[in-house]
Amino acid sequence: MESELIYKDELLTLCEDFTDVGYMADNFEAMDFYGNPLEIKRSHADKAMTLLVSFPSYEGEFKEEILKLDAFLSHLKVEVHCYLLFDFVLPEVTTLQNRLTKFKLIFDSEDEFGSMYGTKIVSGSLKERLTKSLFLISKDGAIFYIDIPRELEKPLDLDRLQVELNKAYISYTGVGCHE
């Protein structure tokens with residue numbers, strides 16, 4: 001996985017630890033919209049897939065992209081647990097939560113997601129923030145698809161996400177590739 005990112009012509013670096021497609025996703029601790037601790041699990045009793053999406057902030061082009069992605073996800077016909085992660089509590093948290101239809105807004109308050117999934121930026125003006133990332137976790141808890149754009153101003157690939165959601169849904173085997 002590429003560890004260097006570009007944002008507004010600035011070179012940024014991600015933490016060295018990362019996970020990859022085929023490996024079991026990690027459960028992690030986070031904080032919900034109300035400030036309560038919660039464990040985000042890699043698999044669910046209802047056999048639904050999980051989508052973990054992070055952004056460095058809720059400003060400018062990120063705001064528009066988040067709302068577009070939420071609208072896209074709200075049209076899915078299968079159950080997918082969708083989480084939108086930030087590394088800090090946003091000032092406009094209530095406004096954002098009220099605008100979201102599919103995403104559950106959570107915060108990486110314990111710095112577990114950023115560290116375990118390799119999405120924490122460790123240099124530059126966005127140091128200590130989460131990068132823009134998308135992790136699709138299959139029904140069995142394995143990481144099925146990852147989208148981390150090298151250029152943060154480039155949007156997540158929704159066409160590819162649709163293809164990967166369909167593939168993940170029909171290819172459920174009951175076990176991950178790697179534990």
Side-chain angles (χ1 to χ4, degrees), residues 1-8 11-15 17-26 28 40-44 46-87 96 99-106 108 113-114 116-121 126 129-178:
M1 185 169 99
E2 185 70 43
S3 65
E4 292 185 333
L5 307 168
I6 298 171
Y7 181 62
K8 298 187 178 188
L11 189 63
L12 308 170
T13 307
L14 288 174
C15 63
D17 295 329
F18 66 90
T19 190
D20 208 353
V21 170
Y23 286 89
M24 279 304 227
D26 289 307
F28 63 94
I40 304 301
K41 298 188 178 227
R42 66 180 173 215
S43 58
H44 309 279
D46 64 1
K47 301 292 184 202
M49 293 179 285
T50 303
L51 194 67
L52 305 172
V53 179
S54 66
F55 281 86
S57 72
Y58 181 62
E59 298 173 347
E61 68 274 3
F62 296 139
K63 182 178 187 175
E64 292 172 27
E65 186 173 1
I66 290 166
L67 296 174
K68 182 178 178 181
L69 180 56
D70 185 62
F72 169 84
L73 295 171
S74 70
H75 296 307
L76 295 178
K77 302 294 185 211
V78 297
E79 185 61 34
V80 179
H81 295 268
C82 300
Y83 298 98
L84 176 61
L85 287 117
F86 291 98
D87 54 45
L96 175 57
R99 292 190 75 182
L100 297 173
T101 57
K102 186 66 177 173
F103 275 124
K104 181 173 186 174
L105 184 58
I106 60 173
D108 190 23
F113 175 76
M116 289 190 292
Y117 283 78
T119 61
K120 184 176 183 174
I121 299 170
L126 295 177
R129 293 276 130 109
L130 297 176
T131 190
K132 181 192 301 188
S133 70
L134 182 147
F135 290 81
L136 174 59
I137 301 170
S138 65
K139 298 173 190 179
D140 58 4
I143 297 173
F144 195 86
Y145 169 68
I146 300 173
D147 187 0
I148 301 178
R150 184 170 191 276
E151 295 178 28
L152 293 183
E153 294 169 291
K154 180 182 173 192
L156 295 168
D157 189 341
L158 297 185
D159 291 333
R160 174 82 186 271
L161 175 59
Q162 181 67 61
V163 169
E164 297 299 334
L165 281 163
N166 290 337
K167 285 179 10 184
Y169 183 74
I170 62 173
S171 67
Y172 175 57
T173 62
V175 294
C177 299
H178 305 280

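A donor-acceptor distance shorter than 3.5 angstrom exists from the side chain of Lys139 to the backbone of Tyr169, with no hydrogens or angles considered. A distance-only check finds a donor-acceptor pair linking the side chain of Asp108 to the backbone of Gly114 [under 3.5 Å]. For the pair Arg42 (side chain) and Gly141 (backbone), a donor-acceptor distance under 3.5 Å is absent. Under a 3.5 Å cut-off, the side chain of Asp87 and the backbone N or O of Leu130 do form a donor-acceptor pair. Between the side chain of Ser54 and the backbone N or O of Thr131 there is at least one donor-acceptor pair closer than 3.5 Å.
Put simply, the side chain of Leu52 does not reach to within 4.5 Å of the side chain of Leu134, judged on heavy atoms. Within the 4.5 Å cutoff, the side chain of Phe135 has no heavy atoms near those of the Tyr145 side chain. Side-chain contact between Phe55 and Glu65 is present, with at least one heavy-atom pair separated by less than 4.5 Å. Contact annotation: the side chain of Val53 approaches that of Leu156 to within less than 4.5 Å [non-hydrogen atoms, C-beta and beyond]. Side-chain contact between Leu165 and Phe144 is absent, with no heavy atoms from C-beta onward closer than 4.5 Å. The shortest side-chain heavy-atom distance between Ile146 and Leu136 does not fall under the 4.5 Å cut-off. Ile121 is listed as a side-chain neighbour of Leu5, based on a closest heavy-atom distance under 4.5 Å. Here the side chains of Arg150 and Ile6 are in contact, with some heavy-atom distance below 4.5 Å.
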Practice prompt. Go through the steps to decide whether Phe103 and Tyr83 satisfy the test ring pair (Phe, Tyr, Trp, His ring centres under 6.0 Å), and finish with yes or no.
Written response: CA-CA 5 Å; Phe103 275 124; Tyr83 298 98; 9.0 Å; no
Quick one: do Ile66 and Leu100 satisfy side-chain contact (heavy atoms from CB on, under 4.5 Å)? Show the steps, please. CA-CA 9 Å; Ile66 290 166; Leu100 297 173; 4.2 Å; yes
Discussion item. I'd like to know whether Leu14 forms a side-chain contact (heavy atoms from CB on, under 4.5 Å) with Lys120, so could you lay out the CA-CA distance, the side-chain angles of the two residues, the decisive distance to 0.1 Å, and finally the verdict.
Written reply: CA-CA 6 Å; Leu14 288 174; Lys120 184 176 183 174; over 6 Å; no
**Asked** For Leu69 and Lys102, what are the C-alpha separation, side-chain angles and deciding distance, and is it a side-chain contact (heavy atoms from CB on, under 4.5 Å)?
**Response** CA-CA 9 Å; Leu69 180 56; Lys102 186 66 177 173; over 6 Å; no
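Of all heavy-atom pairs spanning Leu152 and Phe62, the tightest one is O-CE2, 3.6 Å. Scanning both residues, Lys132 and Ile148, for their nearest heavy atoms gives O-CG2, 3.6 Å. In terms of heavy-atom proximity, Ala168 sits nearest to Met49 at CB-SD, 3.5 Å.
Residue Asp147 holds its CG atom at 9.0 Å from OG of Ser133, rounded to the nearest 0.5 Å. The line from CG of Leu84 to CG of Leu96 is 6.0 Å long, rounded to the nearest 0.5 Å. The line from CG of Asp26 to CD1 of Ile143 is 7.0 Å long, rounded to the nearest 0.5 Å.
Within the structure, every pair that satisfies the side-chain hydrogen bond (donor to acceptor under 3.5 Å, both in side chains) test and touches residues 151-160, not counting sequence neighbours, is listed here: Arg160-Glu164.
For Tyr58, the ring-ring contact (aromatic ring centres under 6.0 Å, His included) criterion is met by no residue, not counting sequence neighbours.
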Which side-chain N or O atoms in residues 73-82 pair as donor and acceptor under 3.5 Å with protein atoms at least two apart or in another chain?
{"residue": "Ser74", "atom": "OG", "partner": "Ala71", "partner atom": "O", "Å": "2.7"}
{"residue": "His81", "atom": "NE2", "partner": "Asp46", "partner atom": "OD1", "Å": "3.3"}
{"residue": "His81", "atom": "NE2", "partner": "Asp46", "partner atom": "OD2", "Å": "3.1"}

